[in-house]
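Inspection log for the structure reproduced underneath, given as structure tokens.
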Amino acid sequence: MQLGLIGLGKMGGNMRERIRRAGHTVIGYDRNPEVSDVKSLAELVEKLDAPRHVWVMVPAGTATQTVVDELGDLLEPGDTVIDGGNSRWTDDEKHAAALAIKGIGFVDAGVSGGVWGLQNGYALMVGGEKENVDQLQPIFDALKPEGPYGYVHAGRVGAGHFSKMVHNGIEYAMMQAYAEGWELLEKVHSVENVREVFRSWQEGTVIRSWLLDLAVNALDDDEHLEKLRGFAEDSGEGRWTVEAAIDNAVPLPAITASLFARFASRQDDSPQMKMIAALRNQFGGHAVEKKG
């Protein structure tokens, strides 16, 4: 199967490689000519056979809107655009409606896996019409982890990104819990080896998880996280999750508190946010602020 892929950064570049390893043809475009297969979006579209499938992996908001608008002018009826970035689900609905006027399909795909996706596969939460989703199944199968899990057609347009948004909200709360526990362990004098306490939880406990494994990796790199500043960004999904909870009158106290804790980290050097920053760097390659 052929796929056009726009945006070859930390995730997009690895996704291109994983899809190619599964035997599919991927033509990638990026503003960085060193990693791009073509020089322009127009050239990418020209090299694809109809019906074309073009996957967009660029930052949410203006960047995604610009690419979708340009693809709307370049593609033909029967083609499909897939937005695999972290767009807000309400943007999906607008994109789908605008492209439908031109006979172009639209699918939104929430993608989780970070910098580890090439090796482990990507969890995919997909929204869109069944006809459009079914055409892309070979690509989804190539990207997902091996085994029966890691992929879901979550529902209509917007469902994929809404599901990924909630996933990230849960991630906020889980990371916050690990961070709070780590700071408390570091604070008391009786616990002399916090890193090994975390390591001991990796097997046989109800709180074992991949995030816990990544926390141990971070502590192996910097046992007391002394090199990091206690500052953690939020990428948008946490805010959107809380906003959606308000709109639907659903109480989310843990997720909301974890979001506000990140805001607090920008006011002082928070020990907990050192762990949050370290975890975000471990799973997603997100930048951290070093001391000094």
Side-chain angles (χ1 to χ4, degrees), residues 7 9-14 32 58-63 85-86 88 111-117 164-165 167-202 207-243 252-292:
K10 282 178 276 191
M11 285 188 68
N14 282 344
N32 179 2
V58 302
T62 301
N86 283 327
R88 190 183 175 99
V111 183
S112 181
V115 295
W116 298 82
K164 177 58 162 48
M165 177 194 73
H167 164 281
N168 283 21
I170 293 170
E171 175 189 295
Y172 273 49
M174 291 176 65
M175 292 167 68
Q176 185 65 26
Y178 284 128
E180 291 175 8
W182 173 78
E183 182 180 0
L184 182 57
L185 288 166
E186 285 276 335
K187 193 75 171 180
V188 301
H189 296 298
S190 58
V191 181
E192 298 177 339
N193 200 336
V194 175
R195 177 178 61 188
E196 295 309 311
V197 171
F198 261 57
R199 199 188 309 278
S200 75
W201 294 343
Q202 289 181 274
I207 64 168
R208 64 188 184 273
S209 72
W210 186 43
L211 276 176
L212 178 61
D213 296 341
L214 295 176
V216 172
N217 288 350
L219 295 174
D220 282 339
D221 292 338
D222 179 5
E223 184 174 357
H224 302 288
L225 304 182
E226 295 170 327
K227 300 175 184 177
L228 300 181
R229 180 169 169 251
F231 177 99
E233 284 284 3
D234 65 286
S235 55
E237 293 92 342
R239 299 187 192 209
W240 299 341
T241 304
V242 173
E243 290 170 2
L252 299 185
I255 293 173
T256 302
S258 67
L259 174 65
F260 286 2
R262 295 199 185 187
F263 296 163
S265 80
R266 297 160 203 179
Q267 300 171 353
D268 53 31
D269 191 21
S270 165
Q272 292 172 23
M273 287 304 126
K274 292 182 180 182
M275 177 58 77
I276 299 293
L279 284 168
R280 293 181 80 243
N281 178 258
Q282 284 284 326
F283 68 72
H286 300 289
V288 295
E289 293 202 7
K290 299 292 183 71
K291 284 194 170 181

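It should be emphasised that the depicted structure is a prediction, and the values quoted were computed from it without experimental measurement.
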task = Nearest 0.5 Å please: distance from the CG atom of L279 over to the CE atom of M174.
result = 10.0 Å
task = Given side-chain contact (heavy atoms from CB on, under 4.5 Å), test R195 with V197 step by step and report yes or no.
result = CA-CA 5 Å; R195 177 178 61 188; V197 171; over 6 Å; no
task = Verify whether one side chain among Y178 and S209 offers a donor that lies under 3.5 Å from an acceptor in the other.
result = yes
Interatomic spacing from CH2 in W201 to CZ in F198 - rounded to 0.5 Å = 5.0 Å
inquiry  = M175 vs L214, test: side-chain contact (heavy atoms from CB on, under 4.5 Å). Steps then yes/no.
reply    = CA-CA 11 Å; M175 292 167 68; L214 295 176; over 6 Å; no
task = Please report the shortest heavy-atom distance between A277 and A232, naming the atom on each side.
result = N-CB, 4.5 Å
query = Hey, does the side chain of R262 reach the backbone of E233 with a donor-acceptor pair shorter than 3.5 angstrom?
reply = yes
task = Can you measure from CG (D234) to CH2 (W240) and round to the nearest 0.5 angstrom?
result = 10.5 Å
message = Please report the interatomic distance CD(E171) to CE(M165), rounded to the nearest 0.5 Å.
response = 13.5 Å
key: Positive for side chain to side chain contact (heavy atoms under 4.5 Å, CB included) with V216, one of Q282, E196, Q202   = Q202
ask   = Any side-chain heavy atom of E186 within less than 4.5 Å of one from P271?
value = no
Residue pair K164 / N168, side-chain donor-acceptor N/O under 3.5 Å = yes
message = Does W182 form a side-chain contact (heavy atoms from CB on, under 4.5 Å) with Q272? I'd like the steps, not just the answer.
response = CA-CA 7 Å; W182 173 78; Q272 292 172 23; over 6 Å; no
message = Check this for me, if you would: do D220 and R199 make a salt bridge, where the nitrogen-to-carboxylate-oxygen distance has to be below 4.0 angstrom?
response = yes
key: Whether K227 side chain and D222 backbone form a donor-acceptor pair below 3.5 Å   = no
Non-hydrogen side-chain atoms of E183 and M275 separated by less than 4.5 Å = no
key: P253 backbone acceptor or donor facing T256 side chain under 3.5 Å   = no
query = Could you walk me through whether R239 and F263 pass the side-chain contact (heavy atoms from CB on, under 4.5 Å) check?
reply = CA-CA 11 Å; R239 299 187 192 209; F263 296 163; 3.6 Å; yes
inquiry  = With rounding to the nearest 0.5 angstrom, report the NZ to CG distance, K290 to L228.
reply    = 6.5 Å
remark   = d(Y172 OH, T241 OG1) to nearest 0.5 Å is 8.0 Å
inquiry  = Looking at E243 and R88, is there a salt bridge between them, counting it only when a charged N and a carboxylate O are closer than 4.0 Å?
reply    = yes
